[in-house]
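If you read the sequence from its start, that first residue is 1, and numbering goes on from there. Small disclaimer: the values here were computed from a predicted structure and weren't measured. Side-chain atoms are counted along with the backbone in the values below, which use heavy atoms only and exclude waters and symmetry mates.
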Amino acid sequence: MASLSKTTTEQYSYIKNRMASTFSSTIPIVDLSKPDAKTLIVNACEEFGFFKVINHGVPMEAISQLETEALKFFSLPLNEKEKAGPPNPFGYGSKRIGPNGDVGWVEYLLLNNNQEHDFSLYGKNHEKFRCLLNSYMSSVKKMACDILELMAEGLKIQQKNVFSKLLRDKESDSVFRVNHYPACPELAVDGQNIIGFGEHTDPQIISLLRSNNASGLQIYLRDGSWIPVPPDHNSFFINVGDSLQVMTNGRFRSVRHRVLANGFKSRLSMIYFGGPPLSEKIAPLPSLMKGKESLYKEFTWFEYKNSFYASRLADNRLGHFERIAAS
């Protein structure tokens, strides 16, 4: 994926560069060490469905070591990387995102923390990669649970672990993904950018993303515009997922986001997707209803997973589960 010909690039989608939004484009920042974190988290989830976290407690050494090992894997010859794929749904993938025709300027590793993987497929240092991955996922999962418990406190939910217990469950269906967007100056065409990863929402409860200092991530605002998210390799970015939107009965909205390929610098992002057990019933929490009508039909995570695997990235996946139109 290091170079492109005109014929190759024709299969990808492009978007035009546009003026910045008039909407307040300041990305919310939450310091997890401060007492006002729970209030700021709720405000950010209501307004953006997205925020940046600092003082997160994940050791930078663990982050940089895992990033280094991931880059070593992506630098392998394509025929070596393809031994770890195709993703079904886990493993190595390139360009094709899912089974329904979506493509992007990206290669990736998709792993499930409940499944044993043959790490011998991930290069010569596969045992080191496995150990670093397990340590990193443990740290990020703890952060996710801490954030969800602060969120519950901010929402004044009596049961503090109402969200976090779903991630701590031994059957939790959480996923780890590493996306690599190789640099290529040919990607910028007539003031346009090529799509690295198309617009979508995350189906799980919460997503925690960390990337290197390459730009590309954008989020969609309520005014209908896209804004770039300035990269910060020392911080994490948090996405509200579809399942959390349902559990809060639409009070929090899952954030639509995308990645534009960077023509001059490769981007590496590592994402932890915190999902519930497959049998978990997803529905608005009674404590948040306060006499309001439920916007969503009850469904299991297994049912929703099947639905989003059968859809395209940009589809409104929750539309099939709405009782009435969410405002």
Side-chain angles (χ1 to χ4, degrees), residues 1-2 8 11-13 66-67 69-123 125-126 129-130 132-134 136-137 140-141 171-182 194-204 207-211 216-217 239 241-243 257-259 261 266-276 278 301-315 317:
M1 291 187 65
T8 305
Q11 66 178 295
Y12 298 98
S13 298
L66 181 58
E67 179 180 274
E69 291 305 313
L71 285 171
K72 286 180 181 177
F73 172 80
F74 288 121
S75 68
L76 292 172
L78 181 59
N79 66 327
E80 290 293 316
K81 292 183 287 189
E82 287 181 335
K83 292 177 182 178
N88 188 30
F90 305 107
Y92 171 78
S94 175
K95 303 176 185 175
R96 292 181 177 83
I97 305 170
N100 301 308
D102 291 295
V103 295
W105 184 254
V106 64
E107 57 179 345
Y108 57 90
L109 281 174
L110 190 60
L111 306 171
N112 183 301
N113 69 341
N114 290 337
Q115 180 171 324
E116 290 294 329
H117 292 279
D118 182 2
F119 277 85
S120 65
L121 299 174
Y122 300 124
N125 297 319
H126 55 85
F129 180 67
R130 183 188 65 81
L132 289 171
L133 178 62
N134 288 342
Y136 179 84
M137 286 191 68
V140 176
K141 177 181 176 179
E171 299 298 328
S172 168
D173 186 41
S174 296
V175 174
F176 180 75
R177 183 175 186 128
V178 188
N179 288 335
H180 179 232
Y181 306 89
I194 196 169
I195 296 293
F197 207 109
E199 65 174 272
H200 64 286
T201 59
D202 296 335
Q204 292 86 358
S207 307
L208 284 70
L209 177 147
R210 185 266 171 195
S211 73
L217 178 64
N239 295 347
D242 294 342
S243 296
H257 54 288
R258 68 188 181 191
V259 175
S266 65
R267 175 180 169 88
L268 186 86
S269 60
M270 303 187 294
I271 313 104
Y272 170 82
F273 299 95
L278 290 173
W301 173 237
F302 177 77
E303 291 171 330
Y304 194 54
K305 237 184 132 170
N306 285 341
S307 177
F308 76 72
Y309 273 131
S311 66
R312 298 291 299 270
L313 275 178
D315 290 348
R317 298 158 174 156

Where the side chain of [X] meets the backbone of [Y], is there a donor-acceptor pair that is under 3.5 Å apart?
| X | Y | result |
| --- | --- | --- |
| Ser243 | Pro203 | yes |
| Asp242 | Thr201 | no |
| Trp301 | Gly275 | no |
| Asp102 | Leu313 | yes |
| Asp173 | Pro276 | no |
| Asp315 | Arg312 | yes |

Does [X] have more than 12 heavy atoms from other residues, nucleotides or ligands lying within 6.0 Å of its [atom1]?
| X | atom1 | answer |
| --- | --- | --- |
| Arg177 | CZ | yes |
| Asn88 | CG | no |
| Phe302 | CZ | no |

Item to complete: For Tyr181 and Ser266, test the side chains for any donor-to-acceptor distance below 3.5 angstrom and give the result as yes or no.
Response: no

Item to complete: Could you tell me whether the side chains of Tyr92 and Glu82 share a donor-acceptor contact shorter than 3.5 Å?
Response: no

Worksheet item: Checking side chain to side chain contact (heavy atoms under 4.5 Å, CB included) for the pair Leu76/Lys72: CA distance, chi angles, key distance, verdict?
Response: CA-CA 7 Å; Leu76 292 172; Lys72 286 180 181 177; over 6 Å; no

Within this structure, what is the [atom1]-[atom2] distance for the pair [X] and [Y], rounded to the nearest 0.5 Å?
| X | Y | atom1 | atom2 | value |
| --- | --- | --- | --- | --- |
| Asn134 | Phe176 | CG | CZ | 10.5 Å |
| Leu217 | Arg267 | CG | CZ | 5.5 Å |
| Leu66 | Leu133 | CG | CG | 6.0 Å |
| Ser269 | Asn179 | OG | CG | 4.0 Å |
| Leu110 | Ile97 | CG | CD1 | 11.5 Å |
| Ser172 | Lys141 | OG | NZ | 5.5 Å |

Check [X] against [Y] and note the closest heavy-atom contact, atom names and distance.
| X | Y | result |
| --- | --- | --- |
| Leu111 | Phe90 | C-CD2, 3.8 Å |
| Ala70 | Val178 | CB-CG1, 4.0 Å |
| Gly274 | Ser174 | CA-OG, 3.6 Å |
| Pro87 | Gly93 | CD-CA, 3.7 Å |
| Gly198 | Arg258 | C-CB, 4.0 Å |
| Phe74 | Leu109 | CZ-N, 4.0 Å |

Discussion item. Can you list everything that forms a salt bridge (charged side-chain N to carboxylate O under 4.0 Å, His left out) with Arg210? Sequence neighbours excluded, please.
Written reply: Glu67

Fill in: Salt-bridge contact Glu107-Lys95 (side-chain N to carboxylate O under 4.0 Å)
no

Response to the item:
Those residues at least two apart in sequence (or on a different chain) that pass ring-ring contact (aromatic ring centres under 6.0 Å, His included) with Tyr108 are none

Discussion item. Tell me whether the rings of Phe197 and His200 are parallel (<30°), tilted (30 to 60°) or perpendicular (>60°).
Written reply: tilted

Worksheet item: Would His257 and Asp202 count as a side chain to side chain contact (heavy atoms under 4.5 Å, CB included) if you check the C-alpha gap in whole Å, the side-chain angles of each, and the deciding distance to 0.1 Å?
Response: CA-CA 9 Å; His257 54 288; Asp202 296 335; 3.4 Å; yes

Practice prompt. I would like to know whether Leu268 and Leu71 meet side chain to side chain contact (heavy atoms under 4.5 Å, CB included); could you show each step before the answer?
Written response: CA-CA 8 Å; Leu268 186 86; Leu71 285 171; 4.1 Å; yes

Worksheet item: Given the rule in the side-chain hydrogen bond (donor to acceptor under 3.5 Å, both in side chains) test, do Tyr272 and Ser207 qualify, once you have shown the distances and angles that lead to the verdict?
Response: CA-CA 6 Å; Tyr272 170 82; Ser207 307; over 6 Å; no

